[in-house]
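Below: one structure, written as structure tokens.
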Amino acid sequence: MPAQPLPGLPEEGTSVLAIGLMSGTSQDGVDVALIDTDGETIAQFGPTAYRPYGKAERALLRDAIAAAANITDRTARPGALGEAAALVDTAHAEAVETFLTANGIRAADVAVIGFHGQTVLHRPERRLTVQIGDGRALAARLCIPVVYDFRAADVAAGGQGAPLAPLFHRALVSRLDREPPVAVLNVGGVANVTYIDGENVIACDTGPGNALIDDFLRQRTGQPLDTDGRMAAAGVVDEAAIRQWLEHPFFALRPPKSLDRDDFRTFVGHTLDAASVVDGAATLTALTAASIERIVAQLPRAPQSWIVSGGGARNPTLMRMLAERLRPAQVESATDAGWSVDALEAQAFAYLAVRSLRGRPLSLPTTTGVPRPLTGGVLAKPQTC
Ligand SMILES: Nc1ncnc2c1ncn2[C@@H]1O[C@H](COP(=O)(O)OP(=O)(O)O)[C@@H](O)[C@H]1O
Ligand SMILES: [Mg+2]
């Protein structure tokens with residue numbers, strides 16, 4: 001059931017402190033961010049933190065995704081899924097406790113936590129999206145109200161359930177001096193874009209982000225990522241492979257559209273088996289850039305400015321490829337815009353938690369394809385504190 005406005009929440013227009021927690025499809029760790037917001041404008045950014053998953057924890061999360069592949073009941077937790085759910089709960093609780101202590105913030109001063117959880121299955125066409133993470137347990141442990149399960153209401157109503165950061169992006173862009181239209185591009189495991197031209201907001205997943213690069217590097221070298229895009233920078237892009245991959249029907253779909261992390265794994269298949277590590281990394285990095293370039297034709301106008309967040313913004317090879325493919329538009333990292341590269345999604349879920357408490361929409365027909373602007377999230381109130 002969607003959250004009801006929280007009794008006791010300060011009146012409309014009053015800013016509150018909210019913490020957002022994001023564990024994205026890269027499965028690299030938990031981002032934590034505090035913001036001060038009324039659910040419309042952002043009064044202030046607070047501190048941020050990161051709690052990485054260790055190697056064994058990442059392996060467990062991968063097993064959980066495999067275990068979730070065929071579930072039809074979103075509450076089912078077969079095999080590794082149950083163990084991974086416990087890990088997600090503990091990692092998030094510890095991340096918040098450490099964050100509060102490190103920054104001298106009292107739990108009582110935090111109005112709400114937006115807890116995204118870890119996506120293990122995203123099949124909006126089957127009206128199914130599953131994020132593990134128990135908001136009730138988190139609220140009870142931390143003595144702070146928690147809004148969780150953000151995507152379910154949108155998917156149940158026929159939306160894609162993703163991306164959900166666009167309304168936060170719009171609030172950020174409204175304070176920014178950039179030539180419109182502006183595109184906010186988040187390159188996580190999957191990449192997603194928000195197109196903003198005044199009040200017009202259009203959003204969708206564009207294709208793979210870092211996940212294919214990470215998986216390829218792990219399989220070939222045992223490393224979890226292509227640090228600073230060094231491998232990709234040394235390789236040669238297989239342009240024929242890119243052209244072939246871009247024929248995948250996903251790229252021809254108009255927004256809104258979204259992806260499961262592993263949608264492209266089988267599709268890339270064995271194409272790179274004979275490629276060297278550097279050429280494979282270069283080609284997968286170029287696929288991410290090319291699929292982002294591909295979205296431009298499906299937007300009302302070509303964005304003049306691209307602001308890039310997520311781990312992909314830390315990859316200079318990807319940033320160079322994006323600048324080349326999106327020319328003459330300006331491509332900059334979120335840091336250059338005065339935002340956070342790493343914590344932007346976590347901040348978005350803090351913002352969405354406050355919107356959820358106030359019954360405001362989290363998604364629009366143009367961001368997720370939901371039939372009407374829709375609120376979402378489930379509220380867990382701590383019982384005894
Ligand atoms: N210095 C870097 N060089 C290259 N890639 C990086 C770097 N830092 C982060 N990344 C990439 O970003 C990913 C994490 O991005 P993130 O925005 O947290 O994604 P998600 O939201 O899916 O968790 C890593 O798995 C890695 O692929
Ligand atoms: Mg991450």
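Remember, it's 1-based here, ligands and their atoms both numbered in the order they're listed.
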[atom] [closest protein heavy-atom partner, distance rounded to 0.1 Å]:
atom: atom 6 (C) of ligand 1; value: L225 CD1, 3.4 Å
atom: atom 10 (N) of ligand 1; value: G311 O, 3.4 Å
atom: atom 8 (N) of ligand 1; value: R314 CB, 3.7 Å
atom: atom 14 (C) of ligand 1; value: S26 OG, 3.6 Å
atom: atom 21 (O) of ligand 1; value: G24 CA, 3.5 Å
atom: atom 4 (C) of ligand 1; value: D226 O, 3.1 Å
atom: atom 23 (O) of ligand 1; value: D28 OD1, 2.8 Å

> Centres of the F349 and F150 rings: under 6.0 Å?
Replying inline: yes
Between [X] and [Y], is any side-chain donor less than 3.5 angstrom from a side-chain acceptor?
X: Q27; Y: T25; value: no
X: T368; Y: Q160; value: no
X: D28; Y: Y50; value: yes
X: S340; Y: D342; value: no
X: H92; Y: R51; value: no
X: D154; Y: S363; value: yes
X: H122; Y: S258; value: yes

Flag [X] as yes when one of its N or O atoms lies below 3.5 Å from any N or O atom of ligand 1, and as no otherwise.
X: N210; answer: yes
X: N186; answer: no
X: P224; answer: no

Under 4.0 Å from a heavy atom of [X]: which atoms of ligand 1 are those, numbered in the order shown and with their elements?
X: G189; answer: 19 (O), 20 (P), 22 (O)
X: G188; answer: 17 (O), 19 (O), 20 (P), 22 (O)
X: G310; answer: 17 (O)
X: T227; answer: 3 (N)

> Is I213 near ligand 1, meaning one of its heavy atoms is under 4.0 Å from it?
Replying inline: no
> If you take all heavy atoms of T367 and P163, which pair is closest and at what distance?
Replying inline: O-CD, 3.7 Å
> If you measure from atom 24 (C) of ligand 1 to every heavy atom of D214, T285, D228, L318, which option wins on shortest distance?
Replying inline: D214
>> Report the atom name of the nearest N/O/S atom of D28 relative to the Mg ion (ligand 2).
In response: OD1
> Relative to each other, are the rings of H248 and F264 parallel, tilted or perpendicular (30° and 60° limits)?
Replying inline: tilted
> Do any N or O atoms from the side chain of R178 and from the backbone of I307 form a donor-acceptor pair under 3.5 angstrom?
Replying inline: no
>> Taking 4.0 Å as the limit for heavy-atom contacts, which would you say applies to T25 with ligand 1: side chain only, backbone only, both, or neither?
In response: both
